[in-house]
Number of protein chains: 2
Amino acid sequence: MDLEARLADPVLDPQRHAEHPEELRLWLRLLTCAQLVEKNLRARLRGEFDTTLPRFDLMAQLERRPEGMKMSDLSRRMMVSGGNVTGITDQLVAEGLVERAAVDGDRRAYSVRLTAKGREVFDAMARAHENWIVQAFDGLSPREQKTLHGLLGKVKQANRAEPVIPKQNA
Amino acid sequence: MDLEARLADPVLDPQRHAEHPEELRLWLRLLTCAQLVEKNLRARLRGEFDTTLPRFDLMAQLERRPEGMKMSDLSRRMMVSGGNVTGITDQLVAEGLVERAAVDGDRRAYSVRLTAKGREVFDAMARAHENWIVQAFDGLSPREQKTLHGLLGKVKQANRAEPVIPKQNA
DNA sequence: TATTGTTATACTCTATAACTATA
DNA sequence: TATAGTTATAGAGTATAACAATA
């Protein structure tokens, strides 16, 4: 997970082992960029809003659903297991940012919604978040950003739904 | 950490909220690509070699240091705390891939080295790893790879050593 | 029976701090 | 005192599985 580890990594660092293909350099750099930005986001969410990425993500889900979302919806949308959604939601409820409301017609389910305070807090976070991201890419011209977006699109395409390797031993 | 969460994220997904700047789309895609590839690497290291990324990274460090590295060196190079290096090393020792040798002149320190078996295993892993990475980028021509590498270089430049936000509350 | 959600547990990866042995 | 390494503990972030209540 650590960037500089790979920077110093003989297998991954082409400065030291020129025989390794360019792809390794490219991968290293891609990973470094993503980690740099993500670490920054986490640190700032923590430092400025005392929150975490999953909590931010959950609130982002709710922001556009004033009517609320069920726990199962959140689980699907966030691609996270149900137990985790319960935990994240519990934290947000404790902070008064989110509330569980009864769903009529199904007494098993809750509708999770932002509270008024939650909406307020989220708006501030989302504005800051947007600025951080804009900053992160301000080294690129709009033209370059577009090119980068396109190239990453191809990478994404080639890598999505990659076949999971069946375990050979276990 | 989850890719599709952000895909479905109203704040981050420009398909839904066109008023959000292109940078958010770009960030989302960058993150998705990095996670796709990294998840794949982890799954394959696990599935084919029953190992983890930190274990692989530590062995990669040792591969080019036949004379061995001290725990403190590993800690610095991997950018990970000393306690963690102890844990990772313990696992590798238990597997017979790595050994702690006495350092003469300092009885506090160890020299950690790959065993013969460790070298063998690592060679196989490194070859496979290289192939996985080459595969990950085979959707791009060499020309495109070079362009991507260059653009990511600019992003990296603009984001490295970003000032850490001083905590405001705590 | 199937589904919704919670609880319990565990695993990976990381950090800090207290501690031991040596320098 | 300072350094090398270990141990203990904690905290994100994730997963699975057993369970309760309801459908």
Side-chain angles (χ1 to χ4, degrees), chain A residues 1-6 31 35 38-39 41-43 45-47 50-58 68-94 98-112 164 167 170, chain B residues 1-6 31 35 38-39 41-43 45-47 50-58 68-94 98-112 164 167 170:
Chain A
M1 251 322 209
D2 51 300
L3 9 151
E4 298 307 323
R6 288 184 185 76
L31 183 64
Q35 289 180 336
E38 187 173 343
K39 269 195 173 174
L41 288 184
R42 284 185 197 273
L45 281 173
R46 171 69 64 196
D50 196 29
T51 193
T52 65
L53 216 34
R55 253 139 59 191
F56 177 76
D57 285 342
L58 194 151
M69 290 175 77
K70 291 198 297 180
M71 300 297 276
S72 50
D73 294 335
L74 284 166
S75 177
R76 257 188 298 97
R77 292 297 285 279
M78 297 177 69
M79 299 273 294
V80 151
S81 67
N84 290 321
V85 172
T86 296
I88 298 166
T89 302
D90 286 349
Q91 293 176 314
L92 292 171
V93 167
V98 142
E99 62 190 359
R100 287 176 169 95
V103 166
D104 48 75
D106 191 341
R107 291 196 307 182
R108 296 169 306 179
Y110 293 114
S111 184
V112 184
V164 174
K167 303 213 174 185
Chain B
M1 253 316 211
D2 51 299
L3 9 154
E4 299 307 325
R6 287 186 185 75
L31 184 64
Q35 290 180 336
E38 187 173 343
K39 268 194 173 172
L41 287 184
R42 284 185 196 273
L45 280 174
R46 171 70 64 200
D50 196 28
T51 193
T52 66
L53 216 34
R55 254 142 57 194
F56 177 78
D57 284 343
L58 193 151
M69 290 174 78
K70 292 197 298 179
M71 301 297 276
S72 50
D73 293 336
L74 285 166
S75 177
R76 257 188 299 96
R77 292 296 284 279
M78 297 178 69
M79 298 273 295
V80 151
S81 67
N84 289 321
V85 173
T86 296
I88 298 167
T89 302
D90 285 350
Q91 294 177 313
L92 292 171
V93 168
V98 141
E99 62 191 359
R100 288 176 170 97
V103 166
D104 48 74
D106 190 341
R107 293 196 305 181
R108 296 169 307 179
Y110 293 112
S111 183
V112 184
V164 174
K167 301 212 176 186

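Labels below follow one simple rule: chain letters A, B, ... track the order of the sequence lines, proteins then strands, and each chain is numbered from 1.
One atom, CE of M78(A), and another, C1' of dA15(D), lie 15 Å apart when rounded to the nearest Å. Per the geometry, CE belonging to M79(B) stands 15 Å off C1' belonging to dC13(C), to the nearest Å. Across the protein-nucleic acid pair, K39(B) atom NZ and dA15(D) atom C1' stand 11 Å apart, rounded to whole Å. Whole-Å rounding puts the D106(B) CG to dT20(C) P distance at 19 Å. Between E38(A) atom CD and dC13(C) atom P the separation is 15 Å, expressed in whole Å. Rounded to an integer number of Å, the gap from L45(B) CG to dC13(C) C1' is 15 Å. What separates CD1 of I88(B) from P of dT14(C) is a distance of 6 Å, to the nearest Å. Taking atom CG on D50(A) and atom C1' on dA12(D), their separation rounds to 14 Å, with Å as the unit.
Partners of T51(A) under the side chain to side chain donor-acceptor pair (under 3.5 Å) rule, at least two apart in sequence or in another chain, are R55(A). Shown here are the side chain to side chain donor-acceptor pair (under 3.5 Å) partners of S81(A), two or more places apart in sequence or in another chain: N84(A). Residues meeting the side chain to side chain donor-acceptor pair (under 3.5 Å) test with R108(B), sequence neighbours left out: D106(B). The side chain to side chain donor-acceptor pair (under 3.5 Å) search around R100(B) returns D90(B), not counting sequence neighbours.
Closest heavy-atom contact between V80(B) and S75(B): O-OG, 2.6 Å. In this structure, M78(B) and P54(B) approach most closely via the heavy-atom pair CE-O, 3.6 Å. The shortest non-hydrogen separation linking G68(B) to S111(B) is CA-OG, 3.4 Å.
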Could you list the protein-to-nucleotides 5-7 of chain C atom pairs, N/O on both sides, closer than 3.5 Å?
unit_1: dG5(C); atom_1: OP1; unit_2: M71(A); atom_2: N; d: 3.4
unit_1: dG5(C); atom_1: OP1; unit_2: Y110(A); atom_2: N; d: 3.0
unit_1: dG5(C); atom_1: OP1; unit_2: Y110(A); atom_2: O; d: 3.4
unit_1: dG5(C); atom_1: OP2; unit_2: S72(A); atom_2: N; d: 2.7
unit_1: dG5(C); atom_1: OP2; unit_2: S72(A); atom_2: OG; d: 3.0
unit_1: dT6(C); atom_1: OP1; unit_2: R100(A); atom_2: NE; d: 3.1
unit_1: dT6(C); atom_1: OP1; unit_2: R100(A); atom_2: NH2; d: 3.1
unit_1: dT6(C); atom_1: OP2; unit_2: T86(A); atom_2: OG1; d: 2.5

Check nucleotides 10-12 of chain C for protein N or O atoms closer than 3.5 Å to its own N or O atoms and list the pairs.
unit_1: dT12(C); atom_1: OP1; unit_2: R46(B); atom_2: NH2; d: 3.4

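Distance check, rounded to the nearest 0.5 Å: CG of L74(B) to OG1 of T89(B) gives 6.0 Å. To the nearest 0.5 angstrom, Y110(B) atom OH is 9.5 Å from T86(B) atom OG1. If you take CG on L58(B) and CE on M69(B), they are separated by 8.0 Å, rounding to the nearest 0.5 Å.
For the pair T52(A) and R46(A), the minimum side-chain heavy-atom distance is below 4.5 Å.
Five base pairs at each end of the helix from dT1(C)-dA23(D) to dA23(C)-dT1(D) define two local axes, and these are offset by 30° (rounded to 10°).
Checking the phosphate oxygens (OP1, OP2) of dA21(D), no side-chain nitrogen or oxygen of R107(A) falls inside 4.0 Å.
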